[in-house]
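Note sheet for the following structure.
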Amino acid sequence: MRTVTILIPAYNEEEVLTILYQRLDEVLLGLPKYHWEILFVNDGSQDNTLTLIKYLWQKDKRISYLDLSRNYGKETAMIAGLDHALGDAVILIDADLQDPPELIPEMIENWELGYDDVYAKRKSRLGETKFKKYTASTFYRMLKRLTKIPIQENTGDFRLLDRRCVEALKQLRETQRYTKGLFSWIGFNKKEILFDRDPRAAGESKWNYFKLFELAIEGITSFTTAPLRISSYLGGTISVFAFIYMIIVICKTLVYRDAVQGYPSLMVAILFLGGIQLLSLGIIGEYIGRIFNETKRRPLYFVDEYNGQKSKVI
Ligand code: UDP
Ligand code: MG
């Protein structure tokens with residue numbers, strides 16, 4: 001019998017865990033041909049999430065849990081989960097029921113057909129503002145153009161990964177993880193299935209626009225050095241114009257001898273160039289920051305407690 005792990009990162013999800021468990025349980029009842037592992041990763045929750053998980057763990061022997069030493073963020077919680085997952089396939093799912101567990105049978109079907117990465121693509125984004133939809137789609141378009149890897153639009157982390165993909169992802173130990181890009185980067189046979197993304201069942205999204213903006217920068221800087229090149233092009237173009245303008249200014253001075261005039265153009269040039277320089281420095285800084293973080297070679301996370309199925313399976 002093949003084992004399938006359901007990996008659920010959870011950060012302050014006490015309000016939804018019970019409903020999630022019930023809905024999962026129902027779905028899994030319909031799939032008796034597999035050995036299930038439900039692996040919760042408690043990402044340093046401050047509420048009763050861990051107590052609830054432990055309660056469920058006592059009730060249900062399919063459940064394992066991993067308690068991280070603090071809140072590391074979802075990306076790290078996921079790799080921690082992948083490191084501990086035992087399944088021949090791993091299904092990543094959000095705790096807040098925005099990813100309907102009812103899609104799991106279809107994922108499994110496709111896995112049986114031989115696909116390694118069955119990802120769920122959102123047909124609609126219910127419960128999200130127009131502005132969020134717009135920013136998300138613009139971002140994806142930009143990222144696709146800048147990077148050379150096909151990054152799937154409207155796709156979250158909700159997917160089934162074959163062991164091969166899991167092992168591949170486990171080898172990518174970068175500290176600043178942009179998992180969505182990593183899924184594409186590792187390749188393998190991908191299959192898309194469509195679904196309607198529900199609004200959160202309860203609780204609040206942990207993302208705000210500032211965090212989303214940071215994630216966007218993360219996405220770009222971890223997959224492409226195009227911004228560096230853009231700033232070089234920009235610098236080059238501006239230098240050419242500046243040179244032409246310099247010649248004009250010199251000629252004018254020689255012909256008309258009105259050297260003192262030109263305060264506005266001087267100001268414009270200084271401010272414009274200053275802006276461009278700061279922007280380029282900022283872009284370079286982003287990359288240096290990444291280099292700095294990666295060269296520290298810190299472990300990605302620390303585990304406070306792990307109660308897994310290891311002994312049960314082997
Ligand atoms: N999550 C996590 N650590 C965090 C933030 C979120 O493990 O620091 C989990 C959270 O419990 C949920 C999933 O990641 O299962 C998605 O989080 P959220 O719903 O806040 O994000 P959104 O759906 O708005 O993208
Ligand atoms: Mg959510």
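Side chains included, hydrogens not; waters and symmetry mates left out as well; all remaining heavy atoms used. Note that ligands are numbered from 1 as they come in the structure, with each ligand's atoms numbered from 1 the same way.
- Shown in contact with Asp96 at under 4.0 Å from a heavy atom are these atoms of ligand 1, numbered in order with element: 19 (O), 23 (O).
- Side-chain contact, Thr49 with Glu13: no donor N or O sits under 3.5 Å from an acceptor N or O.
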**Study point:** Steps toward side chain to side chain contact (heavy atoms under 4.5 Å, CB included) verdict (Leu92, Met78)
**Key:** CA-CA 8 Å; Leu92 291 165; Met78 282 194 294; 4.1 Å; yes
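- Counting atoms of ligand 1 from 1 in the listed order, those under 4.0 Å from a heavy atom of Asn71 are 3 (N), 4 (C), 8 (O).
- When the heavy atoms of Gln98, Lys74, Glu13 are ranked by distance to atom 10 (C) of ligand 1, first place goes to Glu13.
- Within the 4.0 Å heavy-atom criterion, the part of Asp43 lying near ligand 1 is the side chain and not the backbone.
- For the 3.5 Å distance criterion, the side chains of Asn307 and Trp57 fail to qualify, holding no donor opposite an acceptor.
- Taking distance alone, with nitrogen or oxygen atoms compared against 3.5 Å, Ala77 stays at or beyond that limit from ligand 1.
- Atom numbering of ligand 1 starts at 1 in the shown order; those under 4.0 Å from a heavy atom of Ala95 are 12 (C), 15 (O).
- When only modelled atom types and interatomic distance are considered, Glu286 and Thr221 share no side-chain donor-acceptor pair under 3.5 Å.
- With 3.5 Å as the limit, one finds a donor-acceptor pair spanning the side chains of Tyr301 and Asp83.
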**Study point:** Stepwise ring pair (Phe, Tyr, Trp, His ring centres under 6.0 Å) test for Phe158 and Phe195
**Key:** CA-CA 11 Å; Phe158 185 27; Phe195 80 113; 5.8 Å; yes
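- Considering the Mg ion (ligand 2) as centre, the angle to OD2 of Asp96 and to OE1 of Gln98 is 100° (10° rounding).
- For ligand 1, the atoms lying closer than 4.0 Å to a non-hydrogen atom of Ala10 are 7 (O), 11 (O).
- Using a 4.5 Å heavy-atom threshold, the side chains of Tyr115 and Glu192 count as separate.
- Shown in contact with Pro9 at under 4.0 Å from a heavy atom are these atoms of ligand 1, numbered in order with element: 7 (O), 9 (C), 10 (C), 11 (O), 12 (C), 15 (O).
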